[in-house]
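Take a look at the structure set out below.
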Amino acid sequence: MTSSPSGSGFSGNTSEDLFFTQTGMDRRRVQSILDDALFRGDDGELFLEYAVSESFVFDDGRLKNAAFDTGQGFGLRSVAGEATGYAHAADLSESAIARAAETVRAVQSGKSGQLSAGPARVNRSLYSPDNPLDTASFETKIKLMEDMNAYARGLDQRVRQVSCSLSGEWRVVEILRPGGESVRDIRPLVRLNVSVVAGEGDRQESGSHGVGGRSGYTAYLSPEKWQPYVREALRQALVNLQSVSAPAGEQTVVLGPGWPGILLHEAIGHGLEGDFNRKKTSAFAGLLGQQVAARGVTIVDDGTLEGRRGSLSVDDEGTPTSNTVLIEDGVLKGYIHDRLNARLMGMRPTGNGRRQSYAHMPMPRMTNTYMLSGSADPAEILASVKNGVYAVAFGGGQVDITSGKFVFSCTEAYRIENGKLGAPIKGATLIGNGPEVLKRVAMIGNDMELDPGIGTCGKNGQGVPVGVGLPTIRVDGLTVGGTA
């Protein structure tokens with residue numbers, strides 16, 4: 001086990017008393033404070049966290065930004081019925097936790113709850129506990145971005161700008177529950193991204209590619225690893241240089257494998273989170289056991305994939321993550337749950353209680369959400385479309401959870417003409433309704449891919465790393481917004 005950077009306040013010690021040997025707190029006294037704070041509640045926990053992170057931005061041939069940050073703190077939660085009391089502080093001390101206990105105890109006033117059983121125990125880790133920040137020197141990280149910049153500029157004389165970014169994080173959490181239960185997890189996370197701007201005359205277009213996961217930097221340092229990422233970013237930029245205006249109107253749309261699963265995540269996945277369904281504000285509320293998608297559509301949320309960006313050994317309530325079937329052969333089978341919403345709905349937690357940091361309360365969030373492969377050959381799917389759009393990559397979008405309506409912009413897309421790829425198009429947006437899109441899936445490819453490890457999901461002001469995935473699929477009758 002390598003140590004965290006010097007001066008961070010924590011060593012690399014990953015023993016069970018990490019938060020206590022480093023802060024001087026006494027585990028028994030903290031446990032006593034916790035037990036007393038949650039005595040009349042239905043659920044709750046003390047969430048301890050230490051995180052160290054760094055980021056680098058390389059642009060226009062030089063290092064533009066380098067940042068290093070450490071953070072530590074706790075969040076104490078008490079749940080009574082549907083009410084939640086939450087207090088947090090950056091001060092890891094017994095006195096701060098005792099003050100927080102006085103605050104959260106107020107939510108139990110006049111109540112006498114029965115504490116819910118703790119999460120199931122698990123002895124697994126889906127990633128190495130080693131600190132990724134220690135897997136390469138500062139000089140090595142900067143040289144990586146210098147080499148990527150030089151390589152991109154040497155590939156094509158039309159390259160006008162190259163931007164690279166690299167980031168890493170090492171997060172240690174411990175979740176304590178009444179009665180002495182505790183769960184620990186040590187979470188690495190890295191991401192590498194490259195963007196290229198290419199131009200001809202007065203026109204210029206961009207392309208980008210990113211990768212990441214729960215590993216060290218060494219997975220990306222060798223040229224045979226990062227050179228394909230640079231070539232992919234340049235390819236996108238050059239494709240977009242040849243793009244023409246996107247057609248508008250209702251069309252058949254083919255979504256490519258991998259990252260286009262972000263549409264599935266946003267337009268459908270959020271609607272399957274337990275809190276929206278308990279409050280009946282989701283378009284999927286009350287539809288368990290009913291046909292909500294075309295036959296053949298099976299969607300899962302799987303937090304157990306080793307090393308993936310959205311994976312966790314345990315969620316932020318201490319519940320082991322799972323492979324949860326949400327839709328099976330078009331039938332709605334389940335929702336994504338944290339402990340609170342699962343208890344109130346009479347269902348089991350699925351290991352999806354997530355929080356951005358100790359300063360935030362957990363809530364139902366996705367991990368890695370994807371559609372399973374079907375049986376169609378991707379070439380067969382394209383050949384089945386006389387006129388339509390093939391969407392390969394997406395940028396920003398907006399979704400209304402209650403109605404399911406969405407708007408997404410395409411960053412790489414093509415015309416489909418007589419079953420073959422035509423010219424690349426620019427300015428295309430996909431407009432539709434998540435539940436309706438599921439019903440209009442006409443063909444499902446046998447080529448499911450997960451995204452390269454770049455997703456971050458926002459909800460109620462919190463951002464957490466996630467993964468998405470999709471096989472090639474054909475959607476009939478989707479509205480395309482364009483400029484032609």
Side-chain angles (χ1 to χ4, degrees), residues 255 260-305 310-312 315 317 319 321-354 362-372 397-406 408 432-441 444 448 450-451 455-460 462 464-471 473 475:
L255 300 177
I262 189 64
L263 187 149
L264 185 78
H265 168 104
E266 295 288 2
I268 299 159
H270 279 299
L272 297 176
E273 291 170 336
D275 48 354
F276 295 126
N277 287 277
R278 178 176 66 84
K279 298 171 184 176
K280 301 189 185 303
T281 57
S282 166
F284 293 97
L287 299 181
L288 277 177
Q290 297 186 33
Q291 195 81 27
V292 297
R295 296 289 184 186
V297 172
T298 296
I299 299 171
V300 303
D301 183 86
D302 189 355
T304 69
L305 302 174
S311 295
L312 293 170
D315 72 3
E317 298 176 306
T319 305
T321 53
S322 59
N323 184 347
T324 305
V325 178
L326 303 174
I327 296 174
E328 185 174 28
D329 196 22
V331 177
L332 182 58
K333 292 291 188 178
Y335 300 123
I336 294 166
H337 282 302
D338 63 349
R339 287 177 58 85
L340 184 150
N341 288 281
R343 175 174 56 83
L344 294 175
M345 295 179 72
M347 299 179 179
R348 67 173 185 84
T350 57
N352 291 88
R354 305 189 64 187
M363 56 184 167
R365 305 293 299 273
M366 284 171 276
T367 55
N368 304 296
T369 310
Y370 55 94
M371 182 185 296
L372 301 190
Q398 295 181 335
V399 180
D400 184 304
I401 302 299
T402 302
S403 67
K405 293 180 180 179
F406 64 82
F408 280 94
N433 177 285
E436 287 302 315
V437 166
L438 289 180
K439 296 174 182 176
R440 296 184 181 187
V441 175
I444 304 173
M448 195 284 290
L450 296 171
D451 78 282
T456 298
C457 173
K459 178 181 176 182
N460 292 354
Q462 295 190 42
V464 296
V466 295
V468 299
L470 193 72
I473 63 172
V475 182

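In this chain, residues are counted from 1 in sequence order.
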Donor-acceptor under 3.5 Å ([X] side chain, [Y] main chain):
| X | Y | answer |
| --- | --- | --- |
| Arg354 | Pro465 | yes |
| Thr402 | Thr281 | yes |
| Asn277 | Ser282 | no |
| Gln291 | Asp329 | yes |
| Glu328 | Gly330 | no |
| Ser322 | Thr350 | yes |
| Arg339 | Pro349 | no |

Is any side-chain heavy atom of [X] closer than 4.5 Å to a side-chain heavy atom of [Y]?
| X | Y | result |
| --- | --- | --- |
| Gln290 | Leu332 | no |
| Val292 | Ile327 | yes |
| Leu305 | Leu450 | yes |
| Ile262 | Asp451 | no |

>> By the definition side-chain contact (heavy atoms from CB on, under 4.5 Å), identify the one residue from Asp302, Ile299, Thr298 that meets it with Tyr370.
In response: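 Exactly one pass, corresponding to Asp302.
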Compare every heavy atom of [Y] with every heavy atom of [X], then report the nearest pair and how far apart it is.
| X | Y | result |
| --- | --- | --- |
| Arg278 | Asn341 | NE-OD1, 2.6 Å |
| Pro435 | Phe284 | CG-CZ, 3.8 Å |
| Met363 | Asp338 | CA-OD2, 3.6 Å |

Would you say the side-chain atoms of [X] and [Y] include a donor-acceptor pair closer than 3.5 Å?
| X | Y | value |
| --- | --- | --- |
| Ser311 | Asn368 | yes |
| Thr367 | Asp301 | yes |
| Asp315 | Thr321 | no |

> Do Phe408 and Glu266 pass the side-chain contact (heavy atoms from CB on, under 4.5 Å) test, and can you show the C-alpha distance, the side-chain angles, and the key distance before you say yes or no?
Replying inline: CA-CA 10 Å; Phe408 280 94; Glu266 295 288 2; 3.2 Å; yes
> Stepwise, does the side-chain contact (heavy atoms from CB on, under 4.5 Å) test hold for Asn352 with His337?
Replying inline: CA-CA 6 Å; Asn352 291 88; His337 282 302; 6.0 Å; no
